[in-house]
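Sequential numbering from 1 along the given sequence is applied to the chain's residues.
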Amino acid sequence: MGQEKKEKLTKMEINWILYDVGNSAFVLLATTILPIYFNYLAGLEGVSEVDYLAYWGYAASIATLLVAFIGPVCGAIADTKGYKKPIFMICMMVGVLGCAALAIPKSWIVFLVVFVIAKVGYSASLVFYDSMLPDITTPERLDAVSSHGFAWGYIGSCVPFVFSLVFVLFYEKIGITMVTAMVIALIINALWWFVVTVPLLRHYKQVHYTGNAESGRGVVKESLRRLGHTLLDLKNHKKIFVFMIAYFFYIDGVYTIIEMATAYGSSLGLNSQGLLLALLLTQIVAFPFALLFGKAAKKYRTEKLIRLCILAYLCIALYAIQLDKQYEFWVLAVCVGMFQGAIQALSRSYFARIIPPEKSGEFFGIFDICGKGASFMGTALMGLFAQITGKSNGGVAILAVMFLIGFFVFGKAVKLNEA
């Protein structure tokens, strides 16, 4: 009985997990329905399938590159007492409003601009959300709580997604246009994202901080000074530095697969409905496997589990190179679901464990450069290789190289942490 009570999630942990449930709805939308809708808009203006894939990849790259620049600065400012929640709320609202605003554009170019804004808001909010992890739980519960976040995020995002699918797949039978169906889907997801975030906004309190400003005067200057000192001193934190290099490479491949899966399948001419349902299956599979890896972290070392996930993704990337049939995409969707939540959750908790908690905003801002900020390289290279080779699967091979480099560098990071 005592052990069960100890394992029970606290109210604050649940409030924090709910934001994963909210923002994951946008992620699922952005990786499934939005690329197909963009293909629809681009097709109306005569954009080819190969160029469509490239433009979508470039837009994702621009968004993540912008966050790579603003994340560390905002993260440093958020380490000042009382600043983390307000900045998090601003970024979250940019994402939510941007998601809803995607219903407005009728031109593919304008649509991409709004998408970049929404994705910047979403990605920036995660810098502060991830840095809240040391504030809402204890060090020994980091793996479990982080895994719960991704697990419930995957399964929770299916709720608005299923409602969205009804309108997007059956808009003709319902008697509405494709555009109207997309408007409804985008508003549903934006409202879901906002509503489930409210408990975290109401109850979160910043525990760890490095500054204590009574007013906004001098906060930005002081935060930039701290950030500069941290960056210069990073070489002295070798276990953190080397891990972030490893993370840069292996998570680049993970996020590229997440962001480009539907666009990739669509460019190969695979059935849109089949792609959407396959990626819904990914979310469902990811739920129990994220929890399973969270429990496994109590028995096996987190480092070993991360290595297992990297190797699994290497195999997934190699498999995706030859993909050209619908059933193969379903196999890919299941395999991705098995390891997607685990590699993200365990990397997040591993990083939270090796950094100073009072500088979590700064370090997670830098972490984001090596994470979502790094995915600009994978999406850009995938788009570039697709255009150079004239084949959509021409750029997938580069992802396998990323996983190989990440695996070997991560091994070095583990040795440094054990020293």
Side-chain angles (χ1 to χ4, degrees), residues 12 15-27 29-30 62-104 113-136 149 153 186-187 189-224 226-227 348 359-369 371-373:
M12 194 63 246
N15 292 339
W16 182 83
I17 288 168
L18 279 173
Y19 186 68
D20 251 326
V21 175
N23 74 69
S24 294
F26 174 73
V27 177
L29 192 73
I62 291 170
T64 49
L65 189 59
L66 287 172
V67 176
F69 283 108
I70 67 174
V73 176
C74 291
I77 296 172
D79 279 334
T80 303
K81 185 179 181 181
Y83 276 68
K84 187 171 290 184
K85 184 162 72 172
I87 301 177
F88 163 73
M89 183 173 65
I90 291 170
C91 294
M92 180 271 296
M93 287 306 301
V94 169
V96 168
L97 295 175
C99 177
L102 282 168
I104 300 173
V113 172
V114 178
F115 171 71
V116 167
I117 293 171
K119 195 167 187 299
V120 166
Y122 153 75
S123 297
S125 74
L126 292 185
V127 173
F128 313 109
Y129 171 66
D130 290 344
S131 71
M132 291 176 182
L133 184 56
D135 288 337
I136 59 94
L186 289 163
I187 291 175
N189 282 270
L191 286 174
W192 174 271
W193 186 358
F194 175 75
V195 170
V196 298
T197 306
V198 171
L200 181 62
L201 292 175
R202 288 184 60 189
H203 300 292
Y204 170 74
K205 287 182 174 61
Q206 190 171 351
V207 177
H208 302 288
Y209 50 87
T210 56
N212 189 2
E214 295 299 324
S215 68
R217 299 170 67 180
V219 170
V220 175
K221 184 178 180 180
E222 174 61 22
S223 299
L224 290 174
R226 290 199 314 269
L227 176 61
R348 177 168 65 183
K359 291 186 176 182
S360 61
E362 283 183 39
F363 276 99
F364 269 103
I366 301 170
F367 183 70
D368 204 64
I369 295 177
K372 289 184 173 61

Nearest heavy-atom contact between Met12 and His203 is SD-O, 3.6 Å
Between Asn23 and Leu126, is any pair of side-chain heavy atoms under 4.5 Å apart? yes
message = Go through it in stages, so that I can follow the logic: the residues are Lys85 and Gln206, the test is side-chain contact (heavy atoms from CB on, under 4.5 Å), and I'd like the CA-CA distance, side-chain angles, deciding distance and then a yes or no.
response = CA-CA 8 Å; Lys85 184 162 72 172; Gln206 190 171 351; over 6 Å; no
When every non-hydrogen atom of Tyr19 is compared with those of Ser125, the smallest separation belongs to OH-OG, 2.7 Å
Shortest non-hydrogen pair, Ala25 vs Asn189, comes out as O-OD1, 3.5 Å
Hey, are the side chains of Asp135 and Lys205 touching, using non-hydrogen atoms and a 4.5 Å cut-off?
-> no
- request: Would you please test Leu186 and Leu29 for side-chain contact (heavy atoms from CB on, under 4.5 Å) and show each step?
  value: CA-CA 8 Å; Leu186 289 163; Leu29 192 73; 3.5 Å; yes
d(Leu201 CG, Leu18 CG) to nearest 0.5 Å is 11.0 Å
- prompt: Quick one: does Thr197's side chain get under 4.5 Å of Tyr129's, heavy atoms only?
  reply: no
Any chance the side chains of Asn15 and Tyr204 put a donor and an acceptor closer than 3.5 Å?
-> no
Distance col, row Asp130:CG vs Phe88:CZ, nearest 0.5 angstrom, shows 10.0 Å
Sequence neighbours excluded, the answer for ring-ring contact (aromatic ring centres under 6.0 Å, His included) partners of Phe26 is Tyr122, Trp193
Donor-acceptor pairs under 3.5 angstrom involving side-chain atoms of residues 90-102: please list them, not counting sequence neighbours.
none

